[in-house]
Amino acid sequence: MVFPAPGRRLAGDELLEAYPWPDEGRWVRAMMVTTLDGAAAGPDGLSGSISSPVDGDVFTAVRRSADAVLVGAGTLRAEEYGPMRAAEPDAERRSAAGQAPAPRLAIVSGSLDLPWSLPVWADSALTPLVLTGPSPDADALATAREHAEVLTLADLEPATLLAALTDRGLRRIVCEGGPSLLEAVVAAGLLDEADITLAPVFAGTAQTPRTDGLTEVARLDLVHLLTAEGYVMARYVRPGHR
Ligand SMILES: NC(=O)c1ccc[n+]([C@@H]2O[C@H](COP(=O)([O-])OP(=O)(O)OC[C@H]3O[C@@H](n4cnc5c(N)ncnc54)[C@H](OP(=O)(O)O)[C@@H]3O)[C@@H](O)[C@H]2O)c1
């Protein structure tokens, strides 16, 4: 287990190395921030209000070598994602490693009710993918195709979603939520790693809508804990995969 010296904040390539991807095969990691009382967003409904620059550093480090950033439509509707790009040195490093110059954003949506005015569609280095079900609304599909590459899949089960990504060579997959999509991936037994930041705040969860939850808890092994400014950045992996 890795614990940096107290007070030493990992940054840059050190942080990249602290969040490695396997050389081969699909690897699915969750990247989420949570409060002390288990909220996934602050009172404004956004995760930014419970995050911090130190958490942002980890978020960025994990994206730097990812092939795909997978999110549920609810997250895109709430969070207004910015364009998916990579800094020039990262784009060069990625190209040398046989990767696309930047991660590809992949959004899961049955409704195709997505925020089409966001610059994320036109200004990302790679056109985002939208993963939808077998019989989408025709008008919504036509709109989606103006902005994204749309994959109409047999269903939106996590195994189908992840297979669609790996079929396109996208094997290093970071799932940035939200809680509904992440729960589905965990329930399907397809999560390899969870990079979870604990924010030193309470946000209130009494009103948080919840699903039926998992039928069994899913346990992971702790690999490291980084701490800075009261935040705890934990890296967990599937048992036996450290
Ligand atoms: N704390 C964090 O790190 C973090 C990270 C991300 C998001 N968030 C917060 O979480 C909230 C959004 O999360 P959420 O749970 O409501 O939404 P979500 O998981 O991002 O998206 C749920 C949507 O994904 C689509 N979907 C399709 N197939 C699915 C499947 N198999 N499983 C789950 N979703 C599927 C559906 O879209 P359609 O309705 O279009 O069919 C569904 O409504 C926001 O408040 C956001 O700020 C927090």
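Just so you know, ligand 1 is whichever comes first in the structure, and atom 1 is the first atom listed for that ligand. Nothing here was measured: the structure is a model prediction, and the numbers come from that model. Residues take their numbers from the sequence shown, with the count starting at 1.
- Of the options A203, S111, P179, the smallest heavy-atom separation from atom 40 (O) of ligand 1 is shown by S111.
- Comparing D44, D55, V108 against atom 29 (C) of ligand 1, the shortest heavy-atom distance belongs to V108.
- The closest heavy-atom contact to atom 31 (N) of ligand 1, among the options T197, L156, L161, comes from L156.
- Taking distance alone, with nitrogen or oxygen atoms compared against 3.5 Å, T75 approaches ligand 1 more closely than that limit.
- Across all non-hydrogen atoms, the minimal contact from A91 to A86 is N-CB, 4.3 Å.
- Between the choices G177, C175, A40, the shortest heavy-atom distance to atom 4 (C) of ligand 1 belongs to A40.
- Within ligand 1, the atoms closer than 4.0 Å to a non-hydrogen atom of G178 are 6 (C), 7 (C), 13 (O), 15 (O), 18 (P), 19 (O), 20 (O), numbered from 1 in the order shown.
- Near M32, meaning under 4.0 Å from one of its heavy atoms, ligand 1 places the atoms 2 (C), 3 (O), 4 (C), 5 (C).
- Counting only N and O atoms by type, the side chains of S47 and E79 include a donor and acceptor under 3.5 Å apart.
- A side-chain contact (heavy atoms from CB on, under 4.5 Å) with V58 is found for one member of R235, M233, R63 and no other, namely M233.
- R171 places a side-chain N or O within 3.5 Å of a backbone atom of D23 that can act as its donor or acceptor partner.
- Counting the atoms of ligand 1 from 1 in the order shown, those under 4.0 Å from a heavy atom of V33 are 1 (N), 2 (C), 3 (O).
- In terms of polar-atom proximity, defined here as any N/O pair under 3.5 Å, G45 does make such a contact with ligand 1.
- Heavy-atom contacts of S47 reach the following atoms of ligand 1: 1 (N), 2 (C), 4 (C), 47 (O), 48 (C) (cutoff under 4.0 Å).
- Inclusion of R77 in the set of residues having an N or O under 3.5 Å from an N or O of ligand 1 is warranted.
- Ligand-side atoms of ligand 1 in range of S109: 37 (O), 38 (P), 40 (O), 41 (O), range being under 4.0 angstrom from any heavy atom.
- Distance alone, capped at 3.5 Å, is enough to place a donor-acceptor pair between the R94 side chain and the A66 backbone.
- In this structure, the side chains of I173 and R26 come closer than 4.5 Å at one or more pairs of heavy atoms.
- On a distance-only criterion, E157 and ligand 1 share no N/O pair closer than 3.5 Å.
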Side chain to side chain donor-acceptor pair (under 3.5 Å) between T127 and R104, intermediate numbers included = CA-CA 7 Å; T127 302; R104 191 153 193 200; 5.3 Å; no
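- Contact annotation: for E80 versus ligand 1, there are no heavy atoms closer than 4.0 Å.
- The shortest separation from a heavy atom of D113 to ligand 1 is not under 4.0 Å, leaving the residue out of contact.
- At least one donor-acceptor pair under 3.5 Å links the side chain of R168 to the backbone N or O of A164.
- Y231 has its side chain out of reach of I50: every pair of non-hydrogen atoms, C-beta onward, lies at least 4.5 Å apart.
- Between L161 and L156, some side-chain heavy-atom pair lies under the 4.5 Å cut-off.
- At a 4.0 Å heavy-atom cut-off, ligand 1 touches E176 through the backbone alone.
- Between the CG atom in L15 and the OH atom in Y19 there is a gap of 6.0 Å [rounded to 0.5 Å].
- Counting atoms of ligand 1 from 1 in the listed order, those under 4.0 Å from a heavy atom of A184 are 32 (N).
- In terms of polar-atom proximity, defined here as any N/O pair under 3.5 Å, L181 does make such a contact with ligand 1.
- Using a 30° and 60° split on the angle between ring planes, W116 and H147 fall in the parallel class, below 30°.
- Within the 4.0 Å heavy-atom shell around ligand 1 one does not find V71.
- Checked by distance only, ligand 1 and G74 come closer than 3.5 Å through their nitrogen or oxygen atoms.
- Atoms of ligand 1 found under 4.0 Å from any heavy atom of A73 (numbered from 1 in listed order, with element): 21 (O), 23 (C), 24 (O), 37 (O), 40 (O).
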